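A quick write-up on the structure given underneath.
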Amino acid sequence: MESILKGKVKEAIRILYNSELSDDLIQIQETRKDFKGDFTLVVFPLLRFSKNTPEKTGDTIGQYIVENFPAISGFNVIKGFLNLEISDKWWMDFFRSIASDNDPLRKCKVTRPETILVEYSSPNTNKPLHLGHIRNNLLGFSLYRILAACGHNVIKTNIVNDRGIHICKSMLAWLKYGQGETPEISGMKGDHLAGKYYVLFEKDYKAQTEELISGGMEETEARNSAPLMKEIREMLLKWEAGDSEVMALWKKMNSWVCKGFDETYRLLGVDFDKIYYESDTYKIGRDIVISALENKVLYRNPDNSIWADLSSEGLDQKLLLRSDGTAVYMTQDLGTAVLRQKEYGFDKCIYVVGNEQNYHFQVLKAVLRRMGYKWSDGLYHFSYGMVELPEGKMKSREGTVVDADDLIAEMKETARVVSLQLGKLSDYSDEEKEEIFRKIGLGALKYFILKVDPRKNMTFNPAESIDFNGNTGPFIQYTYARIKSVFRKAEQMGISYDSLIPSELKAGEKEIGLIKLLRRFTDTVSEAAAGYSPSLLANYCYDLAKEYNQFYHDFTILGDNDQDVRNLRLELSKVVSTTLCSGMWLLGIEMPERM
RNA sequence: GGUUCCGUAGCUCAGUUGGAUAGAGCAACAGCCUUCUAAGCUGUGGGUCGCGCGUUCGACUCGCGCCGGAAUCACCA
């Protein structure tokens, strides 16, 4: 519609003022709520053609468009703004076209689909997932759904950071204090078990360094010479050398942890098409670095370490292989990227990783480009902000983290309490109820996270918990359940309906308002895909639900005696419900039929 | 110190090529269930859009300079 209007404005200027207009001077936007009209043309930029006041100019153009474009039924000019009113018939025709289409996402497809890898989650196998990972997983998964809905070929991938000194920490502590404890024996989830020993290690290590410091040692030296640090270095060396005992322990504990992760992913409703392990890819990275060194893209220090000099790009020197030949974080990511390009030939690779690693990804891209990989242009760091607690950042070492499994369980529990209080599900079986509590609890959590602009840091207050009223997931789910309820009632009453609504039917303001909002859905999906922004969709769903609830409150649907009106309201309700369902589906949020 | 990001109501957040009187929710207060689900709807109060200068017919939005906060600049990941 906007583009048609633009054409009409262009035509008007040509005929009225005999001037050719460039597109960027035509600003058409949706009319603000407090004014009458549907689309607004900003006339200020056109004054140079009309050589007249904003009011006169708007008036003249408005007149022309109304006379020459039947879809526009009227106009008004306020200060420099020409508000064009679209005829009810046009809106009704539009509504009929979407009402007969069952899939609101059909029109979102891009003309040139791409192959896009989305990497998210990237956990370390030494501790369980926390709220930060939840934000990561939800963003990554939603991004996948949105891009896939637009017709792209999207591959969900995960890179498991399963090697390195931090992994050895939980292993060493388990060896020392574990007494053969397993998830089976303790009944503890594997990732939580490993996390317990990781914390134990950190605690003892801290005690040791503090003791050395109080004995008069420098802090850095104390950290390096603490007995536990020595032991852990030995263990890492053994791991790198492939020592069979260490490898067996590593495999055993990692399998516990990964099993625990799988459970959390399942609860959260996210999954992956391909999982990479750092323990595999770091070797590829090492080979790449060495061959790049031979091609003189990198340089070697006297101590044998290998570096990239990125100072010409405003970055620093970056270490890629240690003097002892072992790999660092960057080495692994280089290897993973090259492997992925080889396996999938992606156009884009989106890394869903926290903003603390902005520098890392800048360097990663620069190094790959320097190495001659042209596809490195397609790497994109989807950088999201931290989730903070009211008292500041979460720190797993200090135990001030919000555990993912706990939070998910708490949300479901809250949903149960709220739901039972309202007591609307008394005729459901326990199993059915549990399923609804799950959907609502998770819906609240997911919406809470996804409605916020990903780039921004956000605060989570565990004491206040997550709301179920107002701008929340359950509010939108409730709107959906309400509509479903109307249809159950309609069936009981033997009321049938169809999308054959007469286009000359006079719809009310609220109904037209809903149709206008519905029209924005496909654009919102496209914008969310282009801008990698699930929050746009979350906010859209809220607006739509809010508008529908007002409509629902003000008008009766089944009670209206005019069959055409009832039909329209039922169809409108149906399209709102499918649109809400699609929008929330793109966020990874399920909708309950009742609540 | 360098680089990047953020600063909007008491709190949590919207506000996307610059556009009209800056919007929601929570919290507070006042109303609305004999009627399709009240997890809803309606109303009241609450703002120097961190501060200043500039560009513009027009700035929360763009530029520059301050102030405040975060992240990062490791032979950690």
Side-chain angles (χ1 to χ4, degrees), chain A residues 24 27 29 31-35 40 42 44-45 47 54 78-81 83 122 124 126 161 163-167 278 301 303-307 314-316 318-324 326 328-330 332-333 354-360 362-363 383 385-386 388 390 392-393 415 418-419 421-422 424 440 444 448 451-453 455-461 464 467-479 481-490 492-493 495 527 530-531 533 535-536 538-539 542-543 545-546 549-550 552-559 569-570 573 594-595:
Chain A
D24 52 324
Q27 291 176 47
Q29 54 206 247
T31 302
R32 289 182 58 124
K33 254 193 168 151
D34 352 305
F35 298 95
T40 296
V42 185
F44 293 110
L47 300 183
I78 295 169
K79 294 197 260 178
F81 300 91
N83 300 322
S122 10
N124 293 329
N126 60 351
N161 300 302
R163 53 148 237 127
I165 205 155
H166 58 301
I167 306 300
E278 187 190 337
N301 255 8
D303 68 358
N304 245 7
S305 55
I306 300 176
W307 296 74
L315 301 168
D316 236 320
K318 186 71 192 178
L319 175 85
L320 299 179
L321 272 184
R322 294 195 187 99
S323 47
D324 62 3
T326 58
V328 290
Y329 181 41
M330 185 60 72
Q332 170 271 123
D333 256 355
N355 61 15
E356 54 199 351
Q357 292 188 31
N358 287 352
Y359 184 73
H360 171 81
Q362 237 181 309
V363 171
S383 165
M386 300 287 99
E388 286 164 357
K393 215 188 155 190
V418 174
S419 209
Q421 240 164 33
L422 295 168
K424 295 179 190 170
I440 297 172
F448 176 80
K451 76 169 176 186
V452 180
D453 183 339
R455 286 171 311 178
K456 292 185 180 173
N457 288 1
M458 60 182 291
T459 37
F460 171 76
N461 189 340
E464 288 173 9
D467 241 297
F468 283 62
N469 297 320
N471 187 355
T472 66
F475 171 87
I476 298 164
Q477 291 173 320
Y478 175 75
T479 309
R482 240 181 173 184
I483 296 173
K484 287 291 161 181
S485 171
V486 171
F487 281 101
R488 280 192 296 272
K489 191 80 175 189
Q492 271 176 30
M493 294 167 67
I495 293 174
E527 281 166 32
S533 186
S535 66
L536 286 178
N539 288 305
Y542 175 69
D543 289 342
K546 177 104 184 136
N549 277 326
Q550 289 169 2
Y552 181 93
H553 178 265
D554 293 350
F555 299 94
T556 175
I557 296 167
L558 299 173
R569 291 183 183 162
L570 275 165
S573 301
R594 278 180 56 181
M595 63 187 278

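The sequence lines fix the lettering, A, B, ..., with proteins before strands; numbering per chain opens at 1. Because the structure is a prediction, the values reported are computed rather than measured.
Computed from coordinates, the A:Arg455 CZ to B:rA71 C1' distance equals 15 Å when rounded to whole Å. The distance between atom NZ of A:Lys546 and atom P of B:rA14, rounded to the nearest whole Å, is 18 Å. Spacing between atom CE of A:Met386 and atom C1' of B:rG69 amounts to 15 Å, rounded to whole angstrom units. Taking atom CD of residue A:Glu388 and atom C1' of nucleotide B:rA70, one finds them 7 Å apart after rounding to whole Å. Straight-line distance from the CG atom of A:Leu320 to the P atom of B:rA74: 13 Å, rounded to whole Å. When rounded to the nearest whole Å, the span between CG of A:Leu315 and P of B:rU4 equals 11 Å. Rounded to whole angstrom, the span from the CG atom of A:Asn358 across to the P atom of B:rU3 amounts to 15 Å. Atom-to-atom, CG of A:Asn471 to C1' of B:rG15 comes out at 13 Å; the value is rounded to the nearest Å.
Between the side chains of A:Asn161 and A:His166, no donor N or O sits under 3.5 Å from an acceptor N or O. Between the side chains of A:Asn549 and A:Thr479, a donor-acceptor pair is found at a separation under 3.5 Å.
If you check B:rU3 for Watson-Crick or wobble pairing at under 3.5 angstrom, you find it paired to B:rA71. Under the Watson-Crick or G-U wobble criterion, with both distances below 3.5 Å, B:rC32 is paired with B:rG40. In this structure B:rA27 sits in no base pair that meets the Watson-Crick or G-U test at under 3.5 Å. Pairing for B:rA59 is absent, judged as Watson-Crick or G-U wobble with the two contacts each under 3.5 Å.
Each of A:Ile440, A:Val418, A:Asn469 was checked for a side-chain contact (heavy atoms from CB on, under 4.5 Å) with A:Pro474, and the lone residue meeting it is A:Ile440.
Taking the charged nitrogens against the carboxylate oxygens, A:Glu388 and A:Lys393 have no contact shorter than 4.0 Å, which rules out a salt bridge.
For the pair A:Arg455 (side chain) and A:Ser383 (backbone), a donor-acceptor distance under 3.5 Å is absent.
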What nitrogen or oxygen pairs link the protein and nucleotides 18-20 of chain B at under 3.5 Å?
unit_1: B:rG19; atom_1: O2'; unit_2: A:Gln29; atom_2: OE1; d: 3.2
unit_1: B:rG19; atom_1: N7; unit_2: A:Gln27; atom_2: OE1; d: 2.9
unit_1: B:rA20; atom_1: OP2; unit_2: A:Arg32; atom_2: NH1; d: 2.9
unit_1: B:rA20; atom_1: N6; unit_2: A:Thr40; atom_2: OG1; d: 2.9
unit_1: B:rA20; atom_1: N6; unit_2: A:Asn83; atom_2: OD1; d: 3.1
unit_1: B:rA20; atom_1: N1; unit_2: A:Asn83; atom_2: OD1; d: 3.3
unit_1: B:rA20; atom_1: N1; unit_2: A:Asn83; atom_2: ND2; d: 3.4

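Of the candidate nucleotides B:rA70, B:rA71, B:rG15, B:rA71 has the atom nearest to the side chain of A:Lys393. The side chain of A:Ile165 lies closest to B:rC76 when the candidates are B:rA77, B:rA71, B:rC76. For A:Lys456, the listed nucleotide lying nearest its side chain is B:rG7; candidates were B:rU37, B:rG40, B:rG7. The listed nucleotides are B:rC36, B:rC73, B:rA77; the one nearest the side chain of A:Val486 is B:rC36. Closest to the side chain of A:Asn469, out of B:rA77, B:rA39, B:rG15, is B:rA39. In this structure, of B:rC13, B:rA39, B:rG40, it is B:rG40 that holds the atom nearest to the side chain of A:Asn549. Each of B:rU72, B:rC36, B:rA77 was ranked by its minimum atom distance to the side chain of A:Ile557; first place goes to B:rC36. Relative to the side chain of A:Tyr542, the nucleotides B:rA24, B:rC36, B:rA39 differ in distance, and B:rA24 lies closest.
Note on A:Met458: only backbone sugar-phosphate atoms sit closer than 4.0 angstrom, heavy atoms only; bases stay farther off. If you check every strand for non-hydrogen atoms under 4.0 Å, A:Tyr552 touches a base.
Atom CZ of A:Arg594 has more than 12 heavy atoms from other residues, nucleotides or ligands within 6.0 Å.
Donor-acceptor pairing under 3.5 Å, judged by distance alone, is present between the side chain of A:Ser419 and the base of B:rA39.
Residues A:Phe468 and A:Ala444 approach most closely at CZ-CB, 4.1 Å, considering heavy atoms. When every heavy atom of A:Gly385 is checked against every heavy atom of A:Asn457, the shortest pair comes out as CA-OD1, 3.2 Å.
In this structure, A:Arg488 does not reach the B:rU37 phosphate: none of its side-chain N or O atoms is under 4.0 Å from OP1 or OP2. Close to B:rA39, at under 4.0 Å from its OP1 or OP2, lies a side-chain N or O of A:Tyr478.
Look at the C1' atom in both B:rA77 and B:rU72: the space between them is 14 Å, to the nearest Å.
Glycosidic conformation, B:rC67: anti, with the torsion outside 90° of 0.
Under the 4.5 Å side-chain criterion, counting only non-hydrogen atoms from C-beta, A:Met595 is in contact with A:Gln477.
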